[in-house]
2 protein chains.
Amino acid sequence: MAATVRRKPKGAYHHPDLEGALTAAAVRTIRERGVDALTLRDIGAQLGVSRTAIYRHFKDKSALLAQVALEGFRMFRHALTSAADEARARAADPIEEMGVAYVGFALENQSHYRTMFGDAFECAEEYPGLAAEGGAAFDVLLGAITEEQAVSGIGAGFDPLELAHIFWAGVHGIATLAMAGQLGPGGKGKPEQLCRLQARILRAGLRAGLNPAPGTASDAR
Amino acid sequence: MAATVRRKPKGAYHHPDLEGALTAAAVRTIRERGVDALTLRDIGAQLGVSRTAIYRHFKDKSALLAQVALEGFRMFRHALTSAADEARARAADPIEEMGVAYVGFALENQSHYRTMFGDAFECAEEYPGLAAEGGAAFDVLLGAITEEQAVSGIGAGFDPLELAHIFWAGVHGIATLAMAGQLGPGGKGKPEQLCRLQARILRAGLRAGLNPAPGTASDAR
DNA sequence: ACCTGAACACCGTTCAAGT
DNA sequence: ACCTGAACACCGTTCAAGT
């Protein structure tokens, strides 16, 4: 760590860490003016740097966005992990608390979240680190579910991967709808409340088990 | 209906219904090459029309996208309504079938769905018709939930609006994650299966009722 | 009325040139 | 090594001009 001291080159740098400054400026711009307003020229101007200087640090604009997404996934995974750990420490439901942390992260870091699950998400194969970090974040949720199955037996008869997908879809849906202002004017408290309610209904449903719906036609086997 | 016969003007029209052709071309382009590839110049070229001809029919590019979204919401509401009606006719769960129809619509009409819940969704206040159509589609879901509360008593103790938000978030989450290819390589059958499982777990949870989670700390009152 | 072509103010990206 | 300025091929949008 302390062994590698970056020797400052002779040329005058505008920024000691231009790469970090570029991603930070990107995050700030997205937050303040939206993704569409993100312009390499504007970022360069913000940093007092030529508009082509970015190409020294990133292959192109989407690589910069991928870096924002990667940074987001790292923060994201940490938020989920510590929420689950803290819940376990006070004997709360780790899955419910992870859901609250999920939605809270999305709402507090909308720039990162939008970038994580926006265009960069679609073409993740170009940035293998992205898919890996996203998978690691998902594994935190998957781990909590398998643990719950083993410890309390809740949902033990279900495929944990399917349960994880359902929980993910639920919190992702709440987060995106809340960001779009579709969950009413409740403000920030509403999404968390909704998130808790969702987790508890799902938990109760898993505990109770599924009796076949009254008129299920196609999938009796 | 048949009373208003549009008299063809003397000037030579490239398209009898340029407005409809423009939105159709937009939908097709989004489906085939993504929203970012949607270009007024390209659409004009596709239709053999000047790239500024569109301004005779739409205020700007976002108005064209709003039209695509509006068209999408109308088809969407119809799909939801008929799914619920059909479910009632054969005594199936209307909510589960609406969820399947929701996800199915999203996957079969990704151009429309992405536009409906994309940028146009954010600035819906500029296009009041959009918000109205979106609200009408949501009301189909809300109505099915209040009906279920009244008829079968399931979830009767809950705020129907909160339940509707939770169901919406669930199916919206499944739809968007499926579109992003995040629900595994299962193909088209997987999202529907997940959707049914989610609806049944939620239903079972509402039927069973919520006993307080083991270590709920903050919200005892 | 409807459409066109040129023009304007923007983009991302490339590249030879500077230090 | 790192950064710059000019240049290129694109955008959306405006507007005077055509029929």
Side-chain angles (χ1 to χ4, degrees), chain A residues 4-23 25-26 29-30 32-69 115 118-120 122-123 126-127, chain B residues 4-23 25-26 29-30 32-69 115 118-120 122-123 126-127:
Chain A
T4 70
V5 175
R6 270 201 188 283
R7 178 186 311 271
K8 199 167 189 181
K10 20 181 195 182
Y13 282 98
H14 293 103
H15 288 270
D17 176 24
L18 184 54
E19 179 173 329
L22 283 166
T23 69
T29 304
I30 294 173
E32 291 171 3
R33 312 207 304 270
V35 214
D36 290 340
L38 183 69
T39 278
L40 296 190
R41 291 158 133 91
D42 177 72
I43 287 186
Q46 283 184 40
L47 269 47
V49 130
S50 159
R51 57 183 168 283
T52 60
I54 184 183
Y55 291 96
R56 285 295 128 196
H57 300 273
F58 297 98
K59 178 177 160 281
D60 54 15
K61 187 182 182 180
S62 76
L64 171 64
L65 289 176
Q67 176 63 25
V68 172
T115 310
D119 298 333
E122 313 275 325
C123 56
E126 296 181 40
Y127 305 97
Chain B
T4 69
V5 175
R6 267 198 190 283
R7 180 188 310 272
K8 200 166 189 182
K10 20 180 195 182
Y13 282 96
H14 292 101
H15 287 270
D17 176 24
L18 185 53
E19 180 173 329
L22 285 166
T23 68
T29 304
I30 294 172
E32 291 171 1
R33 311 207 305 269
V35 213
D36 291 340
L38 183 69
T39 280
L40 297 190
R41 292 159 133 89
D42 177 72
I43 286 186
Q46 282 184 41
L47 267 48
V49 133
S50 159
R51 58 183 168 280
T52 60
I54 184 181
Y55 292 96
R56 286 294 128 197
H57 301 273
F58 297 98
K59 181 177 157 280
D60 54 15
K61 185 182 183 180
S62 77
L64 172 63
L65 289 177
Q67 176 63 23
V68 172
T115 310
D119 297 333
E122 314 274 325
C123 56
E126 296 180 42
Y127 305 98

Student check: side-chain heavy atoms of A:I43 and A:I54 closer than 4.5 Å
no
Can you tell me the distance, in whole Å, between the CD1 atom of A:I54 and the P atom of D:dC3?
12 Å
Return the value, rounded to whole Å, for the distance between atom CG of A:L47 and atom P of D:dC3.
11 Å
B:R56 side chain near B:L18 side chain, heavy-atom distance below 4.5 Å:
no
If you only use heavy atoms from C-beta on, which nucleotide in C:dC2, D:dG5, D:dT13 is closest to the side chain of B:R56?
C:dC2
Earlier contact from the 5' end, DNA chain D, for A:A53 and B:L40:
A:A53
Of B:L18 and B:R51, the one whose closest DNA chain C nucleotide lies more 5':
B:L18
Tell me if the side-chain of A:T39 makes a donor-acceptor pair with the base of C:dG12, cut-off 3.5 Å, by modelled atom types.
no
Between atom OG1 of B:T115 and atom CG of B:L64, what is the distance when rounded to the nearest 0.5 Å?
9.0 Å
If you check the B:Y55 side chain, which of C:dG12, D:dC2, D:dT13 turns out closest?
D:dT13
Result for 5'-nearest mapping on DNA chain C, choosing between A:T52 and A:D42, is A:D42
Taken to the nearest whole Å, CG/A:D60 to C1'/C:dC11 is 14 Å
Just how far, in rounded Å, is C1' of D:dG12 from CG of B:L65?
12 Å
Do B:V49 and B:L22 have side-chain heavy atoms sitting under 4.5 Å apart?
no
Pairing string, 5' to 3', for DNA chain C - Watson-Crick or wobble contacts under 3.5 Å, brackets [ ] where pairs cross, | to another strand
||.|||||...|||||.||
Measure the distance from CG on A:L38 to P on C:dC10 and round it to the nearest whole Å.
17 Å
Rounding to a whole Å, what distance do you find between B:K59:NZ and D:dT14:P?
8 Å
Is there a side-chain contact between B:E19 and B:F58, using heavy atoms and a 4.5 Å cut-off?
yes
Length of the line joining B:F58:CZ and C:dC3:P, which is rounded to integer Å:
12 Å
If you go through the side-chain atoms of B:R41, does one of them form a donor-acceptor pair with the base of D:dG12 closer than 3.5 Å?
yes
Tell me the closest heavy-atom pair linking B:S62 and B:Y127, and the distance in Å.
OG-OH, 2.7 Å
Quick one: is A:H57 getting a side-chain N or O under 4.0 Å of the D:dC3 phosphate, OP1 or OP2?
yes
To the nearest Å, give me how far apart CD1 (B:I43) and C1' (D:dT13) are.
15 Å
So, A:T39 side chain and A:R41 main chain: donor-acceptor pair closer than 3.5 Å or not?
no
